[in-house]
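Okay, so here's the structure we're looking at.
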2 protein chains.
Amino acid sequence: MFQAMSAAPTRADLTKFAPIQDECPIGEAARASGVSAKMIRYYETIGLVRPVTRSAANYRSYDAAAIQALRFIGRSRALGFSMDMISRLLALWQDKVRSSADVKALALQHVGELQERIAELQTMKAAIEHVAEQCHGDHRSDCPILDELKGPSLAPNGGRP
Amino acid sequence: MFQAMSAAPTRADLTKFAPIQDECPIGEAARASGVSAKMIRYYETIGLVRPVTRSAANYRSYDAAAIQALRFIGRSRALGFSMDMISRLLALWQDKVRSSADVKALALQHVGELQERIAELQTMKAAIEHVAEQCHGDHRSDCPILDELKGPSLAPNGGRP
DNA sequence: ATGGACCTTTCCACGATGGGAAGGTCAAGG
DNA sequence: CCTTGACCTTCCCATCGTGGAAAGGTCCAT
């Protein structure tokens, strides 16, 4: 990569990033995609994105397509998709003959998982709010919140009547 | 610990757990508290709970108070409290002269954090549901969900008119 | 005395992210 | 030409809470 020169290439020519193809180093790709350089490298090591070409100085070089893939990942992360799902979404995205049904199924699965987590958190919140309501919340030490956390007191006689 | 014997103790006496004090090894404490043995050891290493006494064979020995503390932690975890908050809750619990106001403040802070996370997840969920609604979800490949993830297409002229 | 259930420590892994060190490279300006 | 500062590279470590597994010691019942 990095251009096929007809004359003998100078050192600068070899190490520079080719503006012809809109290639840029990782920092710029990070800014353009909203994904940190750290994460871009990480996504590469776990195989979420394909390794990009390197400059003569071993710098990663990103073209517009690579940057768009990173942006795709970034937005997917922001919507809470797991790495695993993102990997599948990326595959669908790049598959010209995908069915939108497959994409929708993934999205709805994620919605379901989000709803599950929301319900869990709401259950926690409601439980805490419930006991907190009954806590006078003043200088006194007795506290239904701590009683709730302590759990059912162990019957001293072992439960026998 | 493990009893002060008046006569010369036999080896069995030294290694056995004292039933007088209701002391038990970690497995039983785990069953009794609902916290895994693994986690009990972890809580000890991070200083969340005080190291318990050991038998002559170096086995951890839990009494009723220790088990109740573990149960307290387990229930707090189940309500989503962070280790840090649990540490403060434990301190309040064991503080005879606490103010219930302090407990309530912690609880309400946690409620606020839960609400924040719930709102985040709900935002994600709503965004996905919104685009998913517009996806026909059939054999065709064009898909507003992927369009959303892809993000705003880069203007080919760089945004200039 | 043997076997199986238990205990001990230590190390590794996850998912996703950040921090930092040590060393190479690039571009601009003196 | 050389320096400087911004950038790149790899590698290691930490997070948080949990689990798994290895390697070795103990306990108890048969």
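Note on naming: letters A, B, ... go to the chains in the order of the sequence lines (proteins, then strands), and numbering restarts at 1 for each one.
In this structure, the side chain of A/Ser76 engages the main chain of A/Phe72 through a donor-acceptor pair within 3.5 Å. Within the 3.5 Å criterion, the main-chain N or O of B/Gly80 finds a donor-acceptor partner in the side chain of B/His110. A donor-acceptor pair under 3.5 Å is formed between the side chain of B/Arg98 and the backbone N or O of B/Leu92. Side chain of A/Ser87 to main chain of A/Met83: no donor-acceptor pair is present (N/O by atom type, distance under 3.5 Å, no hydrogens or angles).
When each of A/Gly27 and B/Arg77 is assigned the nucleotide of DNA chain D with its nearest heavy atom, A/Gly27 is the one assigned upstream, toward the 5' end. Residue whose closest nucleotide on DNA chain C sits further toward the 5' end, between A/Ser82 and A/Lys38: A/Ser82.
Phosphate contact (OP1/OP2 of C/dG24, side-chain N/O of A/Arg54, threshold under 4.0 Å): absent. In this structure, A/Arg60 reaches the D/dT10 phosphate: one of its side-chain N or O atoms is under 4.0 Å from OP1 or OP2. Contact annotation: B/Tyr43 does not reach the phosphate of D/dG17 (side-chain N/O to OP1 or OP2, under 4.0 Å).
Heavy atoms of A/Ile26 sit under 4.0 angstrom from primed sugar atoms or phosphate atoms, though from no base atom. Within the nucleic acid shown, B/Met39 comes within 4.0 Å of at least one base atom, counting heavy atoms only.
The interatomic distance linking A/Arg41 (CZ) with D/dC12 (C1') rounds to 14 Å, in whole Å. Between B/Ile86 atom CD1 and D/dC16 atom P there is a gap of 13 Å when expressed in whole angstrom units. Put simply, CZ on A/Arg117 is 12 Å from C1' on C/dG15, counting in whole angstrom units. In this entry the distance linking CE of A/Met83 with P of C/dA13 reads 20 Å, nearest Å. Rounded to whole angstrom, the span from the CZ atom of A/Arg31 across to the C1' atom of D/dC8 amounts to 12 Å. A/Tyr59 has its OH atom 7 Å from the P atom of D/dC8, to the nearest Å. Regarding B/Asp84, its CG atom lies at a distance of 14 Å from the C1' atom of D/dT15, rounded to whole Å. Taking atom CD of residue B/Glu44 and atom C1' of nucleotide D/dG17, one finds them 17 Å apart after rounding to whole Å.
Electrostatic pairing of A/Arg140 and A/Asp142 does not count as a salt bridge here, judged by no charged N lying under 4.0 Å from a carboxylate O.
Among the nucleotides C/dG18, C/dT9, D/dC8, the one closest to the side chain of A/Ser36 is C/dG18. The side chain of B/Ala57 lies closest to D/dC27, out of D/dT18, D/dC27, D/dT10.
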